[in-house]
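Counting starts at 1 for both ligands and their atoms, following the listed order.
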Amino acid sequence: MVAARSGIDLSEPMLRYTERKAARCKGNATLLQCDLADFTLDEPVDFACVLLGSLYVKTTDQLRSHFDCVARALRPGGLYFLDWCVDFDPMTETAIGWECARDGIRVRTSYWTRHADRVAQTYEENVLLEIDDNGVHKRIHERCLKRAVYPQEFLLFVETHPCFEFVGWWNEWDFDQPIDGADIVNRPIALVRRTGY
Ligand SMILES: C[S@@+](CC[C@H](N)C(=O)[O-])C[C@H]1O[C@@H](n2cnc3c(N)ncnc32)[C@H](O)[C@@H]1O
């Protein structure tokens with residue numbers, strides 16, 4: 001049996017990049033250019049995941065619509081894994097940066113956030129790449145609006161959704177580090193299950 005694998009993204013270049021990576025590891029994947037708040041898979045799957053905090057929704061309606069899409073995309077008993085999508089610390093005025101270099105190309109990355117609307121729980125996320133490619137300089141700045149998802153509303157949201165149940169959440173991708181009671185939360189993962197089996 002061949003498992004169905006699908007990937008979705010709004011960005012055409014990101015889908016082409018994924019296609020090249022999938023070809024390198026001889027994976028076959030159906031890539032769909034669509035919004036994570038409005039998508040349908042031809043065939044339901046056993047596992048869905050969103051990585052690297054990529055739950056890009058701007059409103060509560062979009063968040064609801066996203067979970068409804070995932071519920072339709074998963075078989076009963078299927079799991080939905082969310083990496084870095086629950087904001088255990090408010091995304092207020094976060095600022096980090098790092099630098100890396102290879103083959104004469106040096107990239108300085110800066111990431112920062114700013115409150116946008118306190119009632120809508122939105123914040124502006126910025127990623128700035130300052131590139132020095134063997135003396136040629138380039139600057140790429142991406143800015144987008146994101147709705148924060150706080151822990152108690154995530155729990156409430158999952159528990160009141162007719163198609164999901166909460167399985168657990170952990171720190172640092174480590175099942176030996178359940179989040180409950182943790183002082184510091186870095187890179188949290190959360191797992192929910194599609195009910196109805
Ligand atoms: C941080 S990158 C992660 C890329 C890749 N999915 C990964 O896990 O490495 C976030 C991605 O989310 C995509 N994105 C942003 N808003 C989206 C939306 N509403 N629906 C689908 N994809 C979206 C962007 O185009 C971008 O490729």
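Checking Glu125, Arg147, Gln62 one by one against Tyr56, the side-chain hydrogen bond (donor to acceptor under 3.5 Å, both in side chains) holds for a single residue, Glu125.
The two residues Phe47 and Leu74 come nearest to each other via the heavy atoms N-CD2, 3.7 Å.
A salt bridge links Arg187 with Asp83; the closest basic N to acidic carboxylate O contact falls under 4.0 Å.
Between the side chains of Trp170 and Asp176, not a single donor N or O lies within less than 3.5 Å of an accepting N or O. Judged by distance alone, the side chains of Asp68 and His161 do bring a donor and an acceptor atom under 3.5 Å apart.
Using a 4.0 Å heavy-atom criterion, the residues that approach ligand 1 are Asp9, Leu10, Ser11, Met14, Cys34, Asp35, Leu36, Leu51, Leu52, Ser54, Tyr56.
More than 12 heavy atoms of other residues, nucleotides or ligands lie within 6.0 Å of CD in Glu12, so this atom counts as buried by the packing criterion.
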